[in-house]
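Reviewing the structure listed below.
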Amino acid sequence: MSLTLATPDTETPTLAPRERETLRHIAAGRTYVQTARHMGLSKHTVDAYLRRIRAKLNINTTAELTRLAISLGL
C-alpha cells in the first residue's frame, strides 16, 4: 500500500511504505541513526529515503517533513 498525496497542477507523488515509515520516525523526533537502527538499515539508507521524499514533495526542511507527517496522521 502506498501513500498518495494530491498536489494541484502536478502529478500525484506516492511514498513507498519504507519512505512513509522513515518519515514517521523522523517526525517523531528520532535521529537518522536511531531511525536506521529501528528499521534495520544504515543511516545512509535513511538519508536516501528522506532525500527521495524531499524531492518527490518539494520539501526542504525537517520542520516541513514533520508538518507533512502530522497532517497525514503518521
Side-chain angles (χ1 to χ4, degrees):
M1 170 187 262
S2 296
L3 178 65
T4 303
L5 306 168
T7 56
D9 302 325
T10 62
E11 185 177 314
T12 305
T14 302
L15 295 181
R18 292 295 263 181
E19 292 170 339
R20 194 172 60 234
E21 184 180 356
T22 302
L23 177 60
R24 182 173 49 84
H25 287 297
I26 296 301
R30 291 190 177 98
T31 66
Y32 283 29
V33 172
Q34 290 168 332
T35 298
R37 283 186 189 143
H38 186 77
M39 294 176 68
L41 305 170
S42 75
K43 67 179 181 177
H44 300 290
T45 303
V46 169
D47 181 57
Y49 284 152
L50 291 170
R51 279 186 277 121
R52 276 193 265 166
I53 294 166
R54 286 184 170 111
K56 286 180 181 182
L57 304 176
N58 195 27
I59 291 177
N60 297 312
T61 67
T62 301
E64 289 174 307
L65 285 172
T66 302
R67 186 177 67 208
L68 170 68
I70 290 168
S71 72
L72 296 173
L74 298 177

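Note: Leu68 CG to Leu74 CG = 7.5 Å, rounded to the nearest 0.5 Å. One distance of note links OH of Tyr49 with CD1 of Ile26; it measures 13.0 Å at 0.5 Å rounding.
Scanning both residues, Gln34 and Gly29, for their nearest heavy atoms gives OE1-O, 4.3 Å. When all heavy atoms of Ala69 and Leu23 are compared, the pair lying nearest together is CB-CG, 3.9 Å. Here the closest non-hydrogen pair linking Arg54 and Thr61 is NH2-C, 4.1 Å. Across all non-hydrogen atoms, the minimal contact from Met39 to Arg18 is O-NH2, 3.0 Å. Smallest separation of non-hydrogen atoms from Leu15 and Arg20: O-NH1, 4.2 Å.
Linking Ile, Leu, Val, Met, Phe, Trp and Tyr whenever their side-chain heavy atoms come within less than 4.5 Å leaves Val33 and Leu50 in two separate clusters.
Among residues two or more places apart in sequence or in another chain, the salt bridge (charged side-chain N to carboxylate O under 4.0 Å, His left out) test is passed with Arg37 by none.
In this structure, the side chain of Thr45 does not engage the main chain of Leu41 through any donor-acceptor pair within 3.5 Å. Under the 3.5 Å distance criterion, the side-chain polar atoms of Glu64 are matched with a main-chain donor or acceptor of Asn60.
Within the structure, salt bridge (Lys or Arg N to Asp or Glu O under 4.0 Å) pairs that include any residue of residues 23-36 do not occur (at least two apart or interchain).
Checked for salt-bridge contact, Glu19 and Lys56 meet the test: a charged N lies under 4.0 Å from a carboxylate O. Ion pairing between Asp47 and Arg51 holds under the 4.0 Å rule for side-chain N and carboxylate O.
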